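A quick note: this is a predicted structure, and the numbers were derived from the prediction, not measured.
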Amino acid sequence: MFEKLKLRGQLIKAFRTAEIYRMIKRGDRTSYLFPKIHQIDNHRTYTRYAFSLLNGIDPELLNKKR
């Protein structure tokens, strides 16, 4: 159970590093909206992530930042 939370945190950290998010400014605060993570499958030989991009995020950005 905690392994999936750890993997989720690592994926969000990767989104933050690659700047794959949408910024929203509310007054003097800045909020970041990351892609929605639907599923994480962790197996011995691979890890599979299923996520969807939010409106306003260019899908080509994933290929550029890869």
Hey, could you give me the [atom1]/[atom2] distance between [X] and [Y], rounded to the nearest 0.5 Å?
| X | Y | atom1 | atom2 | result |
| --- | --- | --- | --- | --- |
| R8 | I37 | CZ | CD1 | 4.5 Å |
| N55 | L33 | CG | CG | 11.0 Å |
| T47 | K4 | OG1 | NZ | 10.5 Å |

Grab the two heavy atoms, one from [X] and one from [Y], that are nearest each other, plus how far apart they are.
| X | Y | value |
| --- | --- | --- |
| R26 | S31 | NH1-OG, 3.6 Å |
| S52 | H38 | OG-NE2, 2.9 Å |
| E19 | L61 | O-CD2, 3.8 Å |

Flag the pair L53 / L62 as yes when at least one side-chain heavy-atom distance between them is below 4.5 Å, and no otherwise.
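Yes, at least one pair of side-chain atoms sits under 4.5 Å.
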Apply side chain to side chain contact (heavy atoms under 4.5 Å, CB included) to the pair F15 and Y32, showing each step before the final yes or no.
CA-CA 11 Å; F15 286 148; Y32 299 100; over 6 Å; no
Specify whether Y21 and F34 have parallel, tilted or perpendicular ring planes, treating 30° as the upper limit for parallel and 60° as the lower limit for perpendicular.
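The rings of Y21 and F34 stand perpendicular, inter-plane angle above 60°.
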With hydrophobic residues grouped by side-chain heavy-atom distances under 4.5 Å, do M23 and I12 end up in a single group?
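M23 clusters together with I12.
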